[in-house]
Engineer: 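Structure below; questions to follow.
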Amino acid sequence: MSAVLSAILPVLAAVALMLVNGVVLIYMLRKVLGHLHLRLGPMHVGPKGIVQTTADVLKLLSKEDITPNGVDRWMYVLAPVVVFVPSLMAYAAIPFSETLRITRLDTGLLYTFAVLSLVPLGVIMAGWASANKYSLIGALRAAAQQVAYEVPLLLSVIPVVMIVGSLDLGEIVAFQTGVWMGVVPRWFIIPLLPSFAIFLISALCELNQTPFDMSEAESELVAGFATEYSSMKFGLIFLSEFSNSFVISALAVTLFFGGWTLPFVPEEILTPIAPLIFVLKTYIGIFVFMWIRGTLPRVRIDQLMNLGWKWLIPASLAWIMLVGVVVKLTAPGGVS
Amino acid sequence: MLPDETVVRTTLSGVTQAEVSTSTLGVVVRIPADDASSALAALKASSLDFIMLVDLLGTDTGEEVEITYHLRSLTRDEDLYVKCVLPYEGVLHSVWNVYASALLPERETAELFGLTLAGHPNPARLLTVDDTEPLLRRSVAIRTLEEVRDR
Amino acid sequence: MWGKGILNGMRITMRNMLRGPITVKYPYEKIELPERARWAVTPTYNEDGMPKCTACMACIRACPDHILDLEVTTREDKSKHIEHYSYELGACMMCGLCVEACPFDAIEMGHDYELALTSPDELTIDLLADVDAASVKRARPAAEPKPEEPKPEEPKPEEPEEAAE
Amino acid sequence: MTDPRDTVLTHALQAEGTYDSGKAPAGIRRIPRGVDGLATEHLVVNIGPQHPSTHGVLRLVVELDGEEIMNAEVAVGYLHRGIEKLGEHRRYHQLGTLMDRGDYVSGIHGELAAALATEQLLEVEVPAKAQWLRSLMSEINRVASHLVWYGTFGLDCGAMGQFLYAVRDRENLLDILEAVSGQRMMFNYVRPGGVVADLPADAEQKLRTFLRTIDGYLEEHDALLGGNEIFQKRVRGVGAIDRTTALSFGLTGANLRCTGVPYDVRRDKPYAAYEELQFDVPLGSTGDAWDRYLVRMEEMRQAVRMIRQCIDGLPEGDVMAKVPKVLRPPAGEVYACVESPRGELGVHLLSDGSDTPYRFHYRAPSLFAMQVLEEILPGQLLADAIMLIGSVDVVLGEIDR
């Protein structure tokens, strides 16, 4: 019994985490964007509009599920599932604290990126299947954009793996605990700032967020690939977009900002509140994504490709070579 | 400032017989309809340098449609009004190769006055649906008070 | 360097965020309108509650959209009784020309902007229904504080030239 | 299973009502899908009339080859109310209510043009205070209209924040306009012979508080959108209209001045109080979307400068000339033009001596700006087309009249 239970429990935990996360993030997005633009955001439903997201979910559930004619039936229905499931699977390897983790994977990093690269597949299916010119253009843009930015995203992470020597997210965080020269925390953001910059830019592309929200560019393609979707199918796509931003922000915190550790906090206070610190840091990361979303205009699709292929990839390759040389020099026998 | 009439009369003397007069509007040149584009081309190329067609409008004078071309010279800051007269179902020859700014106003004027547009790259209707009668004609009545009252 | 403008933009949005929202929470807080705000037309009344309107039809001629209408019965002693003074709120563009045309200040533009209704036929309102019109002589001196010579009889001269409208 | 691309294309053409299965519809160059050559089929997309960024009810029929526009055609007329026909049944002092609804973003300029035309017919002398009030209200309306242009231009490029900051400032301006004229956008304030009423005390006080903060906000707006490198990359060198095309397509206002042609109705044909006001006319050089942005932002600063001069130098005197209640101008034809935020807004009035105009023509600058779009859009990318509509700043109420 316990074997079955211990198998199902993490999955349920992941699903619950994702739903709660979606609800909180949608509310946070509307509030943050609102206050960024001198507005209040939702205020009517519940105190300070807290119940607004549940009202949205209920609305989405109760809406009529329209399937326009001339639509490629099976692909149209399957697409939201292909978009939703990978972002659910991506929760598996995220280390909330030393012990609290859905699964202990020693190739956690590789697994997360592999799963995340499935999402554009669903986007293309959705765009193509809904036989609407706007979604066709949006889907093809999404395909070009996400394929182009998978490469720099992975390349920007390689220096971290080179220094730590393992793909296991837990060990990466363990490597970053403690302090250099007594004052500087051992986070990777300080030595590897360029790779964090490249990671941030290509992460924004992965998430289809401004300034790279090409696939559902409101002012050009109405709602891009998700134009023809209604009720819960749209809900799935919408929810997966938010859980992706949580996963990417969690990765950024794990790789560059020292996961659940804080530099000057002694051990015994840290462990009980470690998941809380981790989630707090992730939400600060998501806030920065929303801050960027509220400010910057959109890049044109060909400039985006230009930036990706001609700038980010060569820069990250050069950076990897540099870090490789430094790692080899400083710790000749170091890489165990 | 008003362009001086003698220069206008001399430029147009070769091209078409035009009678130049001055009214509250300014210097007005009346020419026969079918050599409108040649007259405008002459005025554009002349020393008066009417570089811009500011506006093109039609007026229903009761028995025929009068087309007004409002020209302007930016260097001398002078305006000139070239008028020609067309019968009710007449043909408005497009002047878009002389002044490209006449493209849309010509479509609108032809459609609202019931003229047919010749020599225009896209002579379709601009503002109204296909079977509406020419609205700006004096004969086409506006809704009377009663129709407005019980609409 | 390249990203200076972008970072400056981020700083500005953060500064605006810290300035706090400026929205008026409409149903709970209401904006008070300036004194000249023009919304729906409303009749004005004397101190004794009788309307100032003398049924002189000036406003009906002045309205560009012809949406005011007056049904009046004239009794034998020349005093008038207003059956209906109908006003199509749905078609009114609130331009205020009728108020300017009224010689007796009998109508004014109200400040009530919550004019939403549930059914279209409620849009034709009776401003004044079944009430006696004020007589011109009594209204004239009160309405014209300036010592202008009061018109002896009904304001007939305006009538003939309007008929050509 | 048929090739889904056919269903996509046929739906569009059926919706347009021009689909004839036999021959390729006119105007759409359909490359024959040869078996050997890799021929990409052109996609006909209707941008509008229901579309989030078409500034009103514009329908742009665009033939796309991938992302690039091969052929663009403008279909307008969805907002045609027959302002010119209605004008023939309105009295001269009622023309203002029609003109407000033409260019509804800057109503004062329409009213002023109609009033100037009637005054030329009547040869009536407008008192000095009315002239100054007309200039003051025109400049307030110009700043409000340019703020709407700035906000929607940012939205077309994908930036949400700028629109809401622009609308915050515009709210203050609309409150001032409401305090002076009674309505926020449909003012009915300028009449032949002068203006309806004087500047009330609370409006002047609101205007002074607005003037204290507007300069800082304008710098902020410029830094937020203009300073942004992404926006600059999107806008520099895109959709350039050179001098000759601008002149031959009849462009006026900021669209013409951004190509370097120094023509401004306020300076070359001065009306209202513009002779006594000091302002300079910003000029561009290449005529691309970046120059249009710079010229309009500078125009906003000049307008604020003029508002300051207007408030301090407002002369005394009455606001309306001695004008009969029912205007009957002598028979004659007249043309009066005004520098509206979109270009030269003209009213061509022909009167036959009765109390309603015989012919009332409204020269709309946006119609000529829209015309030039058909010329420059082929060859641009889809994303740039939407941005260019925003940069030439058209209002559909004025195009359709």
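In what follows, chains carry the letters A, B, and so on, assigned in the order in which the sequence lines appear, proteins first and then strands, with residues in each chain numbered from 1. Predicted model only: the values in this text are computed from it and were never measured.
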Engineer: Heavy-atom distance under 4.5 Å between the side chains of D:I230 and A:V299, does that happen here?
Structural biologist: yes
Engineer: Heavy atoms, side chains only, cut-off 4.5 Å: are A:L296 and D:M160 in contact?
Structural biologist: no
Engineer: Distance check, rounded to the nearest 0.5 Å: A:R300 atom CZ versus D:R234 atom CZ?
Structural biologist: 7.0 Å
Engineer: Any residues in residues 304-317 of chain A near chain D, with a heavy-atom distance under 4.5 Å, and which are they?
Structural biologist: none
Engineer: Looking only at non-hydrogen atoms, find the nearest pair between D:Q162 and A:T295 and report the distance.
Structural biologist: NE2-O, 3.6 Å
Engineer: Do the side chain of A:R298 and the main chain of D:A159 share a donor and acceptor less than 3.5 angstrom apart?
Structural biologist: no
Engineer: Return the set of residues passing ring pair (Phe, Tyr, Trp, His ring centres under 6.0 Å) with D:H221 (not counting sequence neighbours), or none when no residue passes.
Structural biologist: D:Y150
Engineer: Select one option (side chain, backbone, both, neither) describing which atoms of D:V235 are under 4.5 Å from chain A's heavy atoms.
Structural biologist: neither
Engineer: For D:F163, which residues count as a ring pair (Phe, Tyr, Trp, His ring centres under 6.0 Å) partner, sequence neighbours excluded?
Structural biologist: none
Engineer: Show me the donor-acceptor pairs within less than 3.5 Å that the side chains of residues 22-36 of chain A make with the rest of the protein, sequence neighbours left out.
Structural biologist:
{"unit_1": "A:Y27", "atom_1": "OH", "unit_2": "A:K48", "atom_2": "O", "d": "2.6"}
{"unit_1": "A:R30", "atom_1": "NH1", "unit_2": "A:D56", "atom_2": "OD2", "d": "2.7"}
{"unit_1": "A:K31", "atom_1": "NZ", "unit_2": "A:L40", "atom_2": "O", "d": "3.0"}
{"unit_1": "A:K31", "atom_1": "NZ", "unit_2": "A:P42", "atom_2": "O", "d": "3.1"}

